[in-house]
Amino acid sequence: MKKIISLLTITLATLFIGCSSAKLAPAQQALIDNQTLLYTQVDIWTENGKIISTNYAIDIHIPVNSEVKILAVNAKIITIELNGEKINYEVFTKYTKVDATAMISRLFAMKKVSLNALSPATKENVLNGAVAMGMTKSTVLLSCVYPPFHAIQGIKSNKWKYWRNRWVTAYVTFKDDKVVKIDGAVS
């Protein structure tokens, strides 16, 4: 009986800690409190009605500059509103190496990303969540978001790994800040 109570206590404590609130900066909290209209700073994909921070390119594509509102944030979930629907963004710090507050800064801003300097082909790739030869690291970030950092050495690395889904991966190789090789389907 003591073992069962101990296990139950540990389980409840884990759930409580896992759902704890994130320590938001005052400016981030104001975005939520004021239901501020924000814009996605990168392309994001849903999976079964939610977004996973590894950004599997599976279901619905949410292009850069999509209008969203942040409804709530805790240590593991950023709840956004997109086109009147609530979507949970699940933050897996183990893979992204950043917490929910840093993820907010990566994903959302009050201004749209300017795509004016991009060539028509690059702009089309970015808006479709695609990667093509010759794209820069910054345009690949717009198209595919940050690669999961547990699998690469950060964005300064010249080889990024992305997951199409849980089983299929792709690699994007850069030389002099340009895509020179794509192994697998990135999006």
Side-chain angles (χ1 to χ4, degrees), residues 6-113 126-129 140-152 154-155 160-170 186-187:
S6 294
L7 286 173
L8 183 59
T9 302
I10 291 169
T11 302
L12 289 173
T14 302
L15 287 172
F16 178 75
I17 291 168
C19 295
S20 64
S21 64
K23 289 195 173 207
L24 299 176
Q28 287 180 323
Q29 187 61 51
L31 295 173
I32 297 167
D33 295 343
N34 298 327
Q35 294 293 286
T36 304
L37 182 64
L38 302 171
Y39 300 94
T40 57
Q41 300 296 289
V42 294
D43 287 13
I44 304 170
W45 297 83
T46 65
E47 177 188 11
N48 299 322
K50 61 187 173 190
I51 304 166
I52 310 281
S53 58
T54 47
N55 207 34
Y56 302 130
I58 295 177
D59 289 335
I60 299 170
H61 174 235
I62 303 168
V64 64
N65 292 331
S66 294
E67 295 179 351
V68 299
K69 291 180 184 176
I70 300 175
L71 302 177
V73 178
N74 67 40
K76 296 193 181 267
I77 305 283
I78 302 167
T79 303
I80 63 169
E81 181 181 305
L82 172 74
N83 299 326
E85 291 187 45
K86 289 183 184 180
I87 301 173
N88 286 332
Y89 182 99
E90 296 183 4
V91 180
F92 288 96
T93 304
K94 172 182 172 181
Y95 302 123
T96 62
K97 304 298 182 199
V98 297
D99 64 8
T101 58
M103 194 59 72
I104 290 170
S105 297
R106 278 187 181 177
L107 299 176
F108 311 109
M110 291 173 41
K111 292 184 178 182
K112 289 184 175 184
V113 175
V126 166
L127 292 174
N128 290 316
V140 171
L141 288 175
L142 292 175
S143 280
C144 298
V145 85
Y146 288 79
F149 283 176
H150 76 289
I152 68 167
I155 60 173
W160 295 358
K161 183 177 184 179
Y162 285 101
W163 276 261
R164 172 79 174 110
N165 58 46
R166 284 177 167 73
W167 304 276
V168 178
T169 60
V186 180
S187 61

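- Side-chain atoms of Thr36 and Met110, non-hydrogen and from C-beta on, do get closer than 4.5 Å to each other.
- No donor-acceptor pair under 3.5 Å is formed between the side chain of Asn88 and the backbone N or O of Glu90.
- Rounded to the nearest 0.5 angstrom, Ile60 CD1 and Glu85 CD are separated by 7.0 Å.
- Closest heavy-atom contact between Ser66 and Leu82: CB-CD1, 4.2 Å.
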Taking it one step at a time, do Gln35 and Leu71 satisfy side-chain contact (heavy atoms from CB on, under 4.5 Å)? CA-CA 7 Å; Gln35 294 293 286; Leu71 302 177; 3.1 Å; yes
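- A heavy-atom distance below 4.5 Å is not found between the side chains of Ile80 and Tyr89.
- Between Pro147 and Leu141, the closest side-chain pair of non-hydrogen atoms falls below 4.5 Å.
- Side-chain contact of Asn128 with His61: a donor-acceptor pair under 3.5 Å is absent, judged by distance alone.
- A donor-acceptor contact shorter than 3.5 Å links the side chain of Tyr162 to the backbone of Val145.
- Counting heavy atoms from C-beta outward, Val98 and Tyr146 have side chains that stay 4.5 Å or more apart.
- Looking only at side-chain heavy atoms (C-beta outward), Lys23 and Thr101 stay at 4.5 Å or farther from each other.
- Contact annotation: the side chain of Lys112 never approaches that of Val64 to less than 4.5 Å [non-hydrogen atoms, C-beta and beyond].
- Looking at every heavy atom in both residues, Gly129 comes nearest to Cys144 through O-SG, 4.3 Å.
- Rounded to the nearest 0.5 Å, atoms CD (Gln41) and OG (Ser105) are 10.0 Å apart.
- Annotation: the span from Leu38 atom CG to Glu67 atom CD amounts to 10.0 Å, rounded to 0.5 Å.
- Atom CG in Asn65 sits 6.0 Å away from atom OG1 in Thr40 (nearest 0.5 Å).
- Within the model, atoms CG of Leu24 and CD1 of Ile70 stand 8.5 Å from one another, a figure rounded to the nearest 0.5 Å.
- Within the model, atoms CD1 of Ile62 and CG of Asp43 stand 9.5 Å from one another, a figure rounded to the nearest 0.5 Å.
- With contacts defined as side-chain heavy-atom distances shorter than 4.5 Å, the pair Tyr39/Val68 does not qualify.
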